[in-house]
K.L.:
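Okay, handing you the structure first.
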Amino acid sequence: MNYCENDRETGGLSGLRPGIALLLALVLAASPAAMARDIGAFYGEVCSNCHGKNMEGAQAPGLLKPEQFKHGVDDASLARSIREGYPTNNMVAWKMVLSDAEIRAMVVLIREKQEQFRKGQIAFPKPVDGQVVESKLGKFRIKNVAEGLNTPWSIAFLPDGKMLVTELRGTLRVIEAGKPMPPPVEGTPQVRARGQGGLMEVALHPGYRTNGWIYLTISDPYTDENGNSLGLTAVARGHLQDNRWTDGQLIFQAPHNFYKPSDIHFGSRIVFDGEGHLFFSMGERGVKEDAQDLSRPNGKIHRIFDDGRIPPDNPFVGVSNAFPTIWCYGNRNPQGLTRHPVTGDIWEAEHGPRGGDEINWIRKGLNYGWPVICWGMDYDGAPISDFTAKEGMEQPVTYWTPSIAVCAVNFYTGDKFPNWKYNLFATALAQQELRRLVIDGHQVVEQEILFKNIGRVRYLITGPDGCIYVALNAPDRIVRLEPVES
Ligand code: HEC
């Protein structure tokens, strides 16, 4: 898809005022018989947001491998999945939008793609090891550091230069560049590895050299009295000893009545402020309204002490029914959270719906608006809100419509790329790109796409050597950006 920053409209409706375009989109969507759709184009515009451009899978499962289908592989099962959906997991019941004939055409399209895949006719872009890229402020090389991982989610550097890497399905590894893949660390917390959840963040305590604490976020599993599998973001810490997780503690775990059946929107980044506090993000778990409800933990940024105690100066401590760890609220799926190395401000990236990915400056007690105000719409084209701004709700620092599927954000703090110092880097899953954002105060004044289409970009961090390390998914690997002398 071709687009430019902050261009709110795309495609055929681009000339219209937003309100009218939305209304039109709604009318078209609501009357399946009114117009025969090009089903390939519909897939590309709508389904691809979750299942990937080539059905390879993205935030939702891939559709190319029949043996991996969860809900049946015959045509009737496929049509039923599309028609009725799995609403708790964001898979819409498409009968509201597509006619039976169009659903049938979609099944045929999926079969065609599966056949092309089987014959090896769908090729996925692969990063070429050593590829040199020319950027605005100089050349850099993309070097492979680790392969053979399974959905690497986050990276933290140990003082000896080794990397701690989480894999979403539940494993933590201590990786040394250029060495064979080691076995997972034993004894890490059990996770609910489903959909977007599992083992997510890994972060070191700022005093790691003396106290050795390593922090993780997990989708914490719970089975209720009816046998339903539920999960919610929890924060664990422990020590690493001879490739074993020891002294494990769960330092944040909400009461089980807040756990959710959905497999989406866990948030899950951790950031320390160097003054004994830990901030972590929790997505709204697919229940939009909860983000505005202070009695619930989901859809919020939280602040706790590094041992799990609740800071008495948190904004909602003592407010009746409010969750006392909440720092701010109205956040959809905050998969990026970082602290400015100079000002100490907390910056957040929030994965929006269809349109409306956000970068926010996070402050105490404020309401970031989801789902009351929003720059996007729902994945099926249904509107979420007619408000993009409201009194008492914060505007993002910047937003992306159409979405890039923003994930992690981090400031560059090394010396290898002096021109990039303290720029904010943002990773994008669906658009498969790494962005460099120049920040002036609390504004984004310039953006550059550094690379594109070599995999879903999950995470980035400045390494101890001053290079930028990036976790890519599909194909799964970690690469390093190194400067190239010109
Ligand atoms: C907002 C994200 C999203 C969008 C958009 C979306 N899906 Fe899905 N879809 C999912 C998720 C998540 C699942 C897995 C649900 C589950 O297993 O609980 C799924 C499951 C499916 C399945 C069943 C796969 C299986 O394992 O049995 C099919 C088929 C499917 N989707 C087709 C489509 C088609 C066709 C479209 C477009 C009309 C579409 N989806 C749009 C998220 C999405």
Side-chain angles (χ1 to χ4, degrees), residues 1 25 28-30 32 36-114 117 151 168 192-198 219 228-231 260-266 283-288 332-333 335 351-357 371 374 376-384 402-403 405 429-430 456:
M1 199 191 310
L28 290 178
R37 278 192 188 79
D38 173 341
I39 221 65
F42 188 79
Y43 181 89
E45 251 168 59
V46 177
C47 319
S48 71
N49 285 300
C50 297
H51 291 289
K53 284 192 186 79
N54 282 306
M55 302 192 185
E56 71 279 19
Q59 54 172 298
L63 303 173
L64 293 175
K65 301 176 184 164
E67 67 276 12
Q68 289 179 0
F69 272 58
K70 213 162 96 183
H71 305 284
V73 288
D74 56 298
D75 283 12
S77 304
L78 260 158
R80 177 171 22 79
S81 284
I82 300 168
R83 201 169 53 240
E84 308 299 334
Y86 304 97
T88 56
N89 287 333
N90 247 1
M91 170 66 184
V92 172
W94 294 100
K95 65 182 171 199
M96 311 289 287
V97 178
L98 300 172
S99 69
D100 281 349
E102 287 167 331
I103 290 173
R104 173 67 205 153
M106 190 65 83
V107 171
V108 173
L109 183 76
I110 294 171
R111 294 288 182 230
E112 284 175 3
K113 282 280 180 197
Q114 289 175 341
F117 177 71
T151 319
L168 184 61
R192 180 173 180 262
R194 279 174 56 150
Q196 298 169 7
S219 167
N228 299 313
S229 154
L230 310 175
K260 301 278 183 203
S262 87
D263 299 342
I264 58 172
H265 304 176
F266 293 85
E284 35 77 311
R285 301 291 282 100
V287 188
K288 294 189 192 68
R332 183 179 183 271
N333 190 18
Q335 295 191 95
H351 195 296
R354 185 168 159 199
D357 286 353
C374 173
M377 61 177 166
D378 238 327
Y379 291 104
D380 58 357
I384 289 164
S403 297
L429 298 166
R456 294 159 57 70

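Counting convention: from 1, in listed order, for ligands and their atoms alike. Quantities reported herein were computed from a predicted structural model and do not represent experimental measurements.
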K.L.:
Any side-chain donor paired with an acceptor under 3.5 Å for Y43 and S48?
P.N.:
no

K.L.:
Measure the CZ-CD distance between F117 and E56 for me, rounded to the nearest 0.5 Å.
P.N.:
10.0 Å

K.L.:
At a heavy-atom distance under 4.0 Å, which protein residues reach ligand 1? Sort them by chain and number, would you?
P.N.:
F42, V46, C47, C50, H51, A60, P61, L63, F69, K70, H71, L78, S81, I82, Y86, N89, N90, M91, W94, M106, Y379

K.L.:
Among V97, L78, I82, which one satisfies side chain to side chain contact (heavy atoms under 4.5 Å, CB included) with I103?
P.N.:
I82

K.L.:
Parallel, tilted or perpendicular: which one describes the rings of H71 and Y86, with boundaries at 30° and 60°?
P.N.:
parallel

K.L.:
Say whether R194 and S219, considering side chains only, have a donor N or O and an acceptor N or O under 3.5 Å apart.
P.N.:
no

K.L.:
Examine the side chains of Q335 and H351 and answer whether a donor and an acceptor come within less than 3.5 Å of each other.
P.N.:
no

